[in-house]
Colleague: 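Have a look at this one.
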Amino acid sequence: MDIQTCRHSLSHVLAAAVQQLMPGAKLGIGPATDEGFYYDFLLPEGCSFTPETLKQIEKAMRKLLGGGAPFVRKDLPVADARRHFEAQGETFKVELIDDLEKDGSREVGLYELGAFADLCAGPHVASAAELRSVAFALDRVAGAYWRGSEKNPMLQRIYALAFATKEELADYRRRREEAMARDHRRLGVEMELFATSPLVGKGLPLLLPKGATLRRILERFIVDEELARGYQHVYTPDLGRKKMYEISGHWDHYQTHMYPAIAVDGEDYVLRPMTCPHHFMIYAHKPRSYRDLPVRLAELATQYRKEDSGSLTGLIRVMSFHLSDSHILCAPEQLRDEFLAVVDLVGHVMRQLGVRDSIGFRASLRDENSEKYVDNPELWDHAEKTLIEILDQLGVPYETARGEAAFYGPKLDVQMRNVLGKEDTVITIQIDFALPERFELTYVDHRGAEQRPVAIHRASIGCIERTMAFLIEHYAGAFPSWLAPVQARLLTITDDQIPFAREALAAARKCGIRCELDERNEKIGRKMRDARLQRIPYLLVIGAREAEQRCLTVRNRDTGAQQSLPLDAFLSNLCRETAERSLVLSAEAPSAAS
RNA sequence: GCCAACGUAGCUCAGUCGGUAGAGCAGCUCACUCGUAAUGAGCAGGUCGUCGGUUCGAUUCCGACCGUUGGCUCCA
């Protein structure tokens, strides 16, 4: 039997069991998911699902399966079905029936399982007996708004896992365990990359020296890359007058993500949620000629966005972050080439980081029925049409998402999945005809006439914090050497080697290698273990022989290969590997030296 | 923000059906000077997240708050 059908049928069994144990629990909906199923309930006052009740519910479910009652389909006229569910007090089901009727249904499907009946289109297995072989387990409880809207009551959702075989279930659980082991929050603590403090506040992570190193590597990389591509880097303040954000439209359309205004000498200032107005003011500080365009202003900008506290997670969702931001102001006829150049930059960055194959594209358009967007339908149509044309020209596969646009324009989002399968945007490229108009930005064309530039808002390496989180998870902490906060660690066998080891450390640091020395009075096995837990790319063992010959025994983290190399040879190998941003470790190989 | 669970030493966790707590690792000291995933011994470390309430007595029960986690909503 098809596993999705089994999962869905099991959700009915779950609902039946819950109503047995908790009379008065109202039913929401209970679909199958990719790894099992869930069912939503509104519990009677004072009731909640605890680990113990989940156990009882699971037991009751197995009993129902043992009973082997058939799933019986009945098609009822809408009025009869409504009467049935009204009598049961199932107000959510009544609401669903009302909607079905509105959509033109005259009859609705009902599935009975013993005394339990649920509104359902089906299909289902023939009887509960068929589900006995399915490996399932109630997994966790979660809150979920009825029909996904925060205006509706919050229901209790039980998520369950269900697979055709025990082996598949065990395999899924094992994979989830492994995923949790590479969760950036866990590795962030183990590898001393970042920390949080309740006193500093939630969503405000502290980058420890090693996390700061990773951030500095990414920042230096991206700034150099952008400068090479014709960007001009600027610095602008984190604060700006509220009035500026009223003109931009942020105050009207984005205020839920902005912190309250700060009154200073009778003037309101806000912490910026975005950098665009500041950059536009740089553009506007002098008259611009068509000869100046495109103007590509870039900044590693600190931004502040107020978030629902429940959504803050590690480095992925924070309250203050640093975006590799840029605003490109160009003539309309330059838009396509500029956009393509940004996509090229993003592709380059993703390849250099080694994550090109882990990303997906999403065209985020406006939702015409929503009021969160600036009101100018012609501009929107033009901008969205342009975006789609460019994407089709690019020939990359992409999804389309309505209602995901920025308030001022459509965007191309680069999506990345985190280790637990959750998708987030790492990079976004947006087309904006609206804000240049609001700020009355102009340039003079070759005939001397004033024209309106178009803006591209874009990130290149994304928000540094979030990108770091994805990199940590992608590599499970085992970074390529150019990204590793610590590239090599010297390990001495006995105290006798400390002088040479210190010399080697100084030499490594002098040529820019991020190197540490473990000169503790510990056995080499212990030093190895500690270094490997830190996922350091190269372990450099120095014993009596090495000190004597001024060489290192180099161990490659990824291959386990071991080589004795003269100190200078290894340092130059690693310097070159770093400069090349190699994704493969090979600095221990003598052939690499030339 | 909403729903739920959780919060005991730096970390991972045990424990107290109400009489103020223990282990491993990490840290410090000493010994060992050792060749590829944990050397041994000793010492120190906690107003049991915070603040209130109930109680003769609260880490334990209740409430509020803070924080963490999983969802929902929202988003870089």
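Source: prediction; values computed, not measured. Residue numbering restarts at 1 for every chain, and letters A, B, ... go by the order of the sequence lines.
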Colleague: Testing the 3.5 Å rule here: is there a donor-acceptor pair between the side chains of Ser460(A) and Glu226(A)?
Modeller: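 The criterion, which ignores hydrogens and geometry beyond distance, is satisfied for Glu226(A) and Ser460(A).
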Colleague: Measure from the side-chain N and O atoms of Arg466(A) to the backbone N and O of Thr425(A), and report whether any donor-acceptor pair falls under 3.5 Å.
Modeller: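 Between the backbone of Thr425(A) and the side chain of Arg466(A) there is a qualifying donor-acceptor contact (under 3.5 Å).
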Colleague: With rounding to the closest Å, how many angstrom separate the C1' atoms on A9(B) and C13(B)?
Modeller: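 After rounding to an integer number of Å, I get 11 Å for this pair.
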Colleague: Quick one: on RNA chain B, does Arg520(A) or Cys463(A) contact a more 5' nucleotide (nearest heavy atom)?
Modeller: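 Counting from the 5' end, the first nearest nucleotide belongs to Arg520(A).
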Colleague: Going by the side chain to side chain donor-acceptor pair (under 3.5 Å) test, name the single residue among Arg175(A), Arg174(A), Arg182(A) that passes it with Glu178(A).
Modeller: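 So the option named by the test is Arg174(A).
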Colleague: Could you measure between the two P atoms, the one in U12(B) and the one in A26(B), and give it in whole Å?
Modeller: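 To the nearest whole Å, 15 Å.
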Colleague: Do Pro31(A) and Tyr38(A) have side-chain heavy atoms sitting under 4.5 Å apart?
Modeller: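 Yes, close enough: below the 4.5 Å cut-off.
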Colleague: Can you tell if the side chain of Arg305(A) reaches within under 4.5 Å of the side chain of Met274(A), non-hydrogen atoms only?
Modeller: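 The answer is yes, as the side chains (C-beta and beyond) meet within the 4.5 Å cut-off.
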Colleague: Under 4.0 angstrom, heavy atoms only, what part of the nucleic acid is Val318(A) near: base, sugar-phosphate, or nothing?
Modeller: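 Result for Val318(A) = base.
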Colleague: Please check this pair: side chain of Ser197(A) against backbone of Val200(A), looking for a donor-acceptor N/O pair closer than 3.5 Å.
Modeller: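 At least one qualifying donor-acceptor pair exists.
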Colleague: Quick check against the 3.5 Å criterion: does Arg272(A) have a side-chain atom that pairs as donor or acceptor with the backbone of Thr302(A)?
Modeller: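 Such a contact is found between Arg272(A) side chain and Thr302(A) backbone.
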Colleague: Mind checking whether Gln19(A) and Glu90(A) have side chains closer than 4.5 Å, heavy atoms only?
Modeller: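 The answer is yes, as the side chains (C-beta and beyond) meet within the 4.5 Å cut-off.
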Colleague: Distance between the C1' atoms of A21(B) and U47(B), in whole angstroms?
Modeller: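 Their C1' atoms lie roughly 13 Å apart.
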Colleague: Using a cut-off of 4.0 Å between protein heavy atoms and nucleotide atoms, how would you tag nucleotides 62-67 of chain B 5' to 3' with B, S and -?
Modeller: -----S
Colleague: Using only side-chain N and O atoms of Arg140(A), determine if any of them is under 4.0 Å from OP1 or OP2 of C3(B).
Modeller: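 For C3(B), OP1/OP2 do not have a side-chain N/O of Arg140(A) under 4.0 Å.
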Colleague: Return the nucleotide paired to A26(B): Watson-Crick means purine N1 to pyrimidine N3 with N6-O4 or O6-N4, wobble means G-U with N1-O2 and O6-N3, both under 3.5 Å.
Modeller: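 Paired with no nucleotide.
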Colleague: To check you understand the geometry: which heavy-atom pair defines the closest contact between His253(A) and Tyr373(A), and what is its length?
Modeller: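 Scanning both residues, the minimum pair turns out to be CE1-O, 3.4 Å.
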Colleague: Taking OP1 and OP2 of U69(B), is either one under 4.0 Å from a side-chain nitrogen or oxygen of Arg185(A)?
Modeller: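 Yes, because at least one side-chain N or O of Arg185(A) sits under 4.0 Å from OP1 or OP2 of U69(B).
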Colleague: Between His257(A) and Lys306(A), is there a donor-acceptor pair closer than 3.5 Å when you use the side chain of the first and the backbone of the second?
Modeller: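 It does hold such a pair.
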Colleague: In whole angstrom, give the distance that lies between atom CD1 of Ile536(A) and atom C1' of U36(B).
Modeller: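 Value for this atom pair: 14 Å.
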Colleague: Given the P atoms of G22(B) and C65(B), what is the spacing between them in whole Å?
Modeller: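 About 34 Å, rounded to a whole number of Å.
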Colleague: Figure out the CZ/P separation between Arg489(A) and U36(B), and round it to whole Å.
Modeller: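 Whole-Å distance recorded here is 18 Å.
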Colleague: Quickly work out the Glu588(A) CD to U36(B) P distance and round it to whole Å.
Modeller: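 It is 19 Å, rounded to the nearest whole Å.
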Colleague: If stacking means aromatic ring centre less than 5.5 angstrom from the base's six-membered ring centre, planes under 30°, is Phe321(A) stacked on A76(B)?
Modeller: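 Yes, aromatic ring over the base.
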Colleague: How many Å lie between CD on Gln497(A) and P on U33(B), as a whole number?
Modeller: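 Distance, rounded to whole Å: 14 Å.
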Colleague: Taking the side chain of Leu533(A) as its heavy atoms from C-beta onward, which of U33(B), G70(B), A37(B) lies nearest to it?
Modeller: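 For the Leu533(A) side chain, the nearest candidate turns out to be A37(B).
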Colleague: Counting only side-chain heavy atoms from C-beta out, which of G70(B), A76(B), U36(B) sits nearest to Gln562(A)?
Modeller: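 Side chain of Gln562(A) sits closest to U36(B).
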Colleague: Kindly state which residues belonging to residues 537-547 of chain A come within less than 4.0 angstrom of RNA chain B, counting heavy atoms of the residue only, listed by number.
Modeller: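 When residues 537-547 of chain A is checked for heavy atoms under 4.0 Å from RNA chain B, the hits, listed by number, are Val541(A), Gly543(A), Ala544(A), Arg545(A), Glu546(A).
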Colleague: Taking atom P of A76(B) as reference, at what distance in whole Å does atom CD1 of Ile461(A) sit?
Modeller: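 Between P of A76(B) and CD1 of Ile461(A): 18 Å.
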Colleague: Sticking with atom C1', work out how far U8(B) lies from G53(B), rounded to a whole angstrom.
Modeller: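 So the two C1' atoms sit 22 Å from each other.
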Colleague: Would you check if the side chain of Lys527(A) reaches a backbone N or O of Asp518(A) as a donor-acceptor pair within less than 3.5 Å?
Modeller: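 Checked: pair present.
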Colleague: Any heavy-atom pair between the side chains of Leu490(A) and Gln497(A) that's under 4.5 Å?
Modeller: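 No, their side chains stay 4.5 Å or more apart.
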Colleague: Would you indicate what Ile524(A) reaches in the nucleic acid, counting non-hydrogen atoms under 4.0 angstrom: base, sugar-phosphate, or nothing?
Modeller: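 Sugar-phosphate, no base atom in range.
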Colleague: Would you indicate whether the side-chain heavy atoms of Val270(A) and Trp251(A) approach each other to under 4.5 Å?
Modeller: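 The answer is yes; the side chains approach within 4.5 Å.
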Colleague: What donor-acceptor contacts under 3.5 angstrom involve side-chain atoms of residues 137-144 of chain A, with partners at least two apart or in another chain?
Modeller:
from, atom 1, to, atom 2, distance (Å)
Asp139(A), OD1, Arg176(A), NH2, 2.9
Asp139(A), OD2, Arg176(A), NH1, 2.9

Colleague: Which whole-number value in Å describes the distance from Glu190(A) CD to A37(B) C1'?
Modeller: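 Value for this atom pair: 15 Å.
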Colleague: At a cut-off of 3.5 Å, list every protein nitrogen or oxygen paired with a nitrogen or oxygen from nucleotides 73-75 of chain B, distance to 0.1 Å.
Modeller:
from, atom 1, to, atom 2, distance (Å)
U73(B), O2', Glu150(A), OE1, 3.2
U73(B), O2', Glu150(A), OE2, 3.2
U73(B), O2, Asp308(A), OD2, 3.0
C74(B), O2', His257(A), NE2, 3.3
C74(B), O2, Arg317(A), NH1, 3.3
C74(B), O2, Arg317(A), NH2, 2.8
C74(B), N3, Arg317(A), NH1, 3.3
C75(B), OP1, Lys372(A), NZ, 2.6
C75(B), O2, Arg317(A), NE, 3.2

Colleague: Check whether any side-chain heavy atom of Leu161(A) sits under 4.5 Å from a side-chain heavy atom of Phe136(A), and report yes or no.
Modeller: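 A side-chain contact is absent here, since even the closest heavy-atom pair is not under 4.5 Å.
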Colleague: Using every non-hydrogen atom in the two residues, find where Ile542(A) and Ala547(A) come nearest and quote the distance to one decimal.
Modeller: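 Taking Ile542(A) first and Ala547(A) second, the nearest heavy atoms are CG2-N, 4.1 Å.
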Colleague: Suppose you measure atom P in G49(B) against the same atom in C28(B); what distance do you get, rounded to whole Å?
Modeller: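 The answer is 27 Å between these two P atoms.
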Colleague: Rounding to an integer number of angstrom, what distance separates G52(B) and U16(B) when you compare their C1' atoms?
Modeller: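 Pairwise C1' distance, G52(B) against U16(B), rounds to 23 Å.
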Colleague: Go along nucleotides 39-46 of chain B 5' to 3' and tag each nucleotide: B for a protein heavy atom under 4.0 Å from its base, S when only backbone or sugar atoms are that close, - otherwise.
Modeller: B-------
Colleague: Taking for each residue the nucleotide of RNA chain B bearing the nearest heavy atom, is the 5' side occupied by Leu155(A) or by Met319(A)?
Modeller: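 That would be Leu155(A).
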Colleague: Counting only Watson-Crick or G-U wobble pairs whose two distances fall under 3.5 Å, which nucleotide matches A31(B)?
Modeller: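 By the stated definition (distances under 3.5 Å), U39(B) pairs with A31(B).
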Colleague: Ile328(A) versus Tyr231(A): any side-chain heavy-atom pair under 4.5 Å?
Modeller: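 Yes. Closest side-chain heavy atoms under 4.5 Å.
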Colleague: Between G63(B) and G27(B), how far apart are the two P atoms, rounded to whole Å?
Modeller: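 That atom pair is separated by 41 Å.
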Colleague: Partner lookup for U16(B), please. Criteria are Watson-Crick or G-U wobble with both distances under 3.5 angstrom; report none if nothing qualifies.
Modeller: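 Pairing partner: none.
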Colleague: Paired with G52(B) by Watson-Crick or G-U wobble geometry, both distances under 3.5 Å: which nucleotide is it?
Modeller: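 Across any shown strand, G52(B) pairs with C62(B).
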Colleague: Assign the ring pair His348(A) / Phe221(A) to parallel, tilted or perpendicular, where the plane angle (0 to 90°) is split at 30° and 60°.
Modeller: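 His348(A) and Phe221(A): tilted rings.
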Colleague: Heavy atoms, side chains only, cut-off 4.5 Å: are Tyr475(A) and Arg535(A) in contact?
Modeller: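 When only atoms from C-beta onward are counted, Arg535(A) and Tyr475(A) do not touch, as no gap falls below 4.5 Å.
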Colleague: Could you please name the partner base of A5(B), counting Watson-Crick and G-U wobble pairs only when both distances are under 3.5 Å?
Modeller: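 U68(B) - that is the nucleotide pairing with A5(B), both distances being under 3.5 Å.
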Colleague: Tabulate atom names and distances for all N/O pairs under 3.5 angstrom spanning the protein and nucleotides 5-7 of chain B.
Modeller:
none

